[in-house]
Amino acid sequence: MANRERGEVGARFRGEDIALVLDFNAICALEDHYDEDIDTVLARLDSAGGKRRVRGRDLRRVVLELMRASRPGTTEADAGDFITETGLGALPDLLGRVIAASRMVASDEAPSPEGPACPPETGAA
């Protein structure tokens, strides 16, 4: 079960309750992966009101790191399965809630929930 005091947001995955959290470890892992600061990494998730496509591999990487605090053995395949189960239409709102709940970044960094995000680009991830 998600602990709101720790900035966790609850979700369902494979029939179980899990917690997603943008904690310090997730931020460090994302910054290491992209070699960019967290603000730049989170900007990758903003489709700019539908004017730009968000890459699927970026969504998967972010979800992977958000899942790891409650599911340390999470793989990229697990993160992809979570996205498939959750659905791309629900993902922007969920990610926005996780980012807003985090005590590590300003909540204005959350992806804009206005309008649906463009589907991710296809291709190798």
Side-chain angles (χ1 to χ4, degrees):
M1 182 163 222
N3 181 340
R4 299 287 297 162
E5 295 298 314
R6 293 184 53 208
E8 296 174 348
V9 173
R12 296 282 292 168
F13 180 53
R14 296 181 178 153
E16 297 178 13
D17 290 327
I18 67 167
L20 303 175
V21 63
L22 182 63
D23 61 5
F24 191 71
N25 289 322
I27 289 171
C28 290
L30 289 167
E31 288 181 341
D32 283 347
H33 179 79
Y34 288 106
D35 195 26
E36 297 174 334
D37 63 77
I38 192 63
D39 294 335
T40 303
V41 173
L42 294 178
R44 291 171 176 269
L45 301 179
D46 187 358
S47 67
K51 296 177 184 172
R52 170 175 86 233
R53 290 187 178 268
V54 177
R55 295 181 347 174
R57 65 182 174 190
D58 292 333
L59 287 173
R60 185 179 66 187
R61 173 54 63 172
V62 170
V63 168
L64 171 67
E65 299 307 338
L66 298 179
M67 291 175 75
R68 282 195 168 154
S70 68
R71 297 177 57 93
T74 299
T75 65
E76 285 185 345
D78 293 331
D81 290 347
F82 175 83
I83 292 168
T84 299
E85 275 188 34
T86 301
L88 287 173
L91 204 57
D93 177 63
L94 179 60
L95 294 178
R97 288 188 291 125
V98 173
I99 294 165
S102 173
R103 296 188 173 133
M104 300 290 121
V105 296
S107 62
D108 62 343
E109 296 299 329
S112 173
E114 58 195 53
C118 288
E121 294 175 356
T122 57

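One is the number of the first residue; the rest follow in order along the sequence.
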Okay, side chain of [X], backbone of [Y]: is any donor-acceptor separation there less than 3.5 Å?
{"X": "Glu76", "Y": "Leu64", "value": "no"}
{"X": "Asp81", "Y": "Asp78", "value": "no"}
{"X": "Arg12", "Y": "Gly15", "value": "yes"}

Quiz item: If every non-hydrogen atom of Val9 is compared with every non-hydrogen atom of Ala101, which pair is closest and at what distance?
Solution: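 Where Val9 meets Ala101 most closely, the heavy atoms are CG2-CB, 3.9 Å.
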
What's the shortest heavy-atom distance between Ser70 and Ala19, and which atoms?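 Of all heavy-atom pairs spanning Ser70 and Ala19, the closest is OG-O, 2.7 Å.
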
Rounded to the nearest 0.5 Å, how far does CG of Leu95 lie from CG of Leu20?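 That separation rounds to 8.0 Å.
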
Given side chains that start at C-beta, do those of [X] and [Y] come closer than 4.5 Å, heavy atoms only?
{"X": "Ile18", "Y": "Phe82", "answer": "yes"}
{"X": "Arg61", "Y": "Glu65", "answer": "yes"}
{"X": "Val63", "Y": "Thr86", "answer": "no"}

Quick one: side chains of residues 27-34, donor-acceptor pairs under 3.5 Å with protein atoms, not counting sequence neighbours, listed by atom name and distance.
unit_1, atom_1, unit_2, atom_2, d
Glu31, OE2, Ile38, N, 3.0
Tyr34, OH, Asp58, OD1, 2.8

I'd like to know if Val21 and Leu59 are part of one continuous hydrophobic network [Ile/Leu/Val/Met/Phe/Trp/Tyr, side-chain heavy atoms within less than 4.5 Å].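 Unlinked, Leu59 and Val21 end up in two clusters.
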
Worksheet item: Under 4.5 Å between side-chain heavy atoms, hopping through other hydrophobics if needed: is there a path connecting Met67 to Leu22?
Response: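 Linked, Met67 and Leu22 end up in one cluster.
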
